A.B. asks: 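One structure, as structure tokens, below. Some questions next.
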Amino acid sequence: MAGLKDTVSKSFTAINLKKNNFVTINKINTYISTLEHEISSLYSRMGTNAYARWKKDGGFDTDQLNEFCEKIREKEEEIARQKARIQEIEEEENQILGRNEDSGEEIVGRVYCAFCGTANSDQYKFCVKCGKPL
Amino acid sequence: MIRVEGIRKSYGKKAVLTNVNLSLETGEQAAIIGRNGCGKTTLMHIMAGITKPDAGSVSYFGHNIFKEKRTVAKYCGYLPQGDCLLEELSVQDNISLWSGKSGAPSGELTDFFDLKEILKVPVKNLSGGMKRRVSIACTMVGWPPVLLLDEPTGGLDRYYKAEIRELMGRYRALNGILVIVTHDEEEIKTCSRCFELSGGVLKEAT
Ligand SMILES: [Zn+2]
């Protein structure tokens with residue numbers, strides 16, 4: 001009974017979801033490369049400053065070095081968080097596309113079930129997994 | 001999701017259902033078809049927890065309706081054949097009877113079924129199609145994720161049939177599961193799956 005309509009609608013689900021995620025992931029990746037640039041710039045400034053200090057006094061300013069290192073670590077942590085976000089989106093995509101292969105519903109906006117945490121389309125009133133109201 | 005497994009039911013010596021299995025996911029609409037007297041209504045009664053089967057189980061979202069008392073009330077709305085209304089009472093009072101809550105029904109329900117204009121009208125003054133709409137609204141007061149409708153468009157004219165089909169489509173779009181007993185070709189076409197009950201077993205028709 002499914003026929004062409006369902007097949008088409010199913011493909012749309014996948015395309016829409018993948019397109020949305022693609023855009024989001026691209027944005028995150030741009031942000032990550034900005035952070036990586038900032039880290040490079042911090043390395044370079046840290047080196048330049050350290051060398052200038054050594055040349056002048058024959059030693060290093062530990063406080064200043066610590067400050068640079070801390071900033072670098074902050075950026076590294078932010079990169080890790082953003083990468084985790086990408087992974088989460090990709091995992092979710094697989095989960096949703098896997099789960100909705102049969103129903104062929106379009107998933108664009110998403111809401112999470114308050115009872116079981118499953119991702120659902122924001123068009124839904126009932127959770128796909130536990131049936132409770134969303 | 002719905003899981004019906006190994007349902008058997010006999011009345012005296014007459015076996016009505018011998019081994020019924022059915023599995024449905026959210027957003028699916030299943031038509032149950034079959035000759036009169038083949039046991040469709042018995043199956044609906046069992047799925048609605050009204051009749052106990054001799055063997056087998058029915059579960060909604062992993063909750064067995066015969067083991068967990070509140071499962072049917074929480075997960076399932078059932079519309080018996082014909083209407084389920086008290087003619088003398090207003091639409092609002094009929095809905096209150098089903099929900100157990102006095103006063104006007106939720107705006108969500110009123111909007112979904114377009115009841116605003118007829119809330120205070122006695123049911124006896126309504127047309128057949130409107131009555132059916134109110135009946136389905138009654139079964140949906142608690143917004144159950146599963147609806148069992150026994151001939152939801154039976155006895156209605158074309159116009160009202162289309163209206164009820166549209167209603168069912170909107171419920172399905174909310175990700176609800178619909179199981180309908182029907183003889184109506186148009187209605188069968190709107191279903192994502194179709195099952196024929198014959199000889200006490202359910203077979204998926206393609
Ligand atoms: Zn849930």
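Just so it is clear, the values below take in all heavy atoms, side chains as well, and ignore hydrogens, waters and symmetry mates. Every chain is numbered from 1, with letters handed out A, B, ... down the list of sequences. Please read these numbers as outputs of a predicted model, since none were measured by experiment.
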A.B. asks: Any side-chain heavy atom of Lys125(A) within less than 4.5 Å of one from Phe112(B)?
C.D. replies: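 Not in contact.
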A.B. asks: Quick check: are there more than 12 heavy atoms from other residues, nucleotides or ligands sitting under 6.0 Å from CZ of Arg35(B)?
C.D. replies: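 No.
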A.B. asks: Write down the atom of Lys129(A), the atom of Phe61(B), and the distance for their closest heavy-atom approach.
C.D. replies: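 Shortest heavy-atom contact: O-CD2, 3.3 Å.
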A.B. asks: Using non-hydrogen atoms and a 4.5 Å limit, figure out which bit of Gln29(B) sits close to chain A: side chain, backbone, both or neither.
C.D. replies: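 Neither the backbone nor the side chain of Gln29(B) comes within 4.5 Å of chain A.
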A.B. asks: If I take atom CE from residue Met1(B) and atom SG from residue Cys130(A), how far apart are they, to the nearest 0.5 angstrom?
C.D. replies: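 Met1(B) CE to Cys130(A) SG: 9.0 Å, rounded to 0.5 Å.
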A.B. asks: I'd like to know whether the aromatic ring centres of Phe126(A) and Tyr171(B) sit less than 6.0 Å apart in this structure.
C.D. replies: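 So the answer is yes for these two rings.
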A.B. asks: Kindly give the heavy-atom pair with the smallest separation between Pro145(B) and Gly131(A), and that separation in Å.
C.D. replies: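 For Pro145(B) and Gly131(A), the tightest heavy-atom pair comes out as CG-O, 3.2 Å.
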A.B. asks: Please round to the nearest 0.5 Å and tell me the distance separating atom CG of Leu134(A) and atom CG of Leu174(B).
C.D. replies: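 One finds 10.0 Å between CG of Leu134(A) and CG of Leu174(B).
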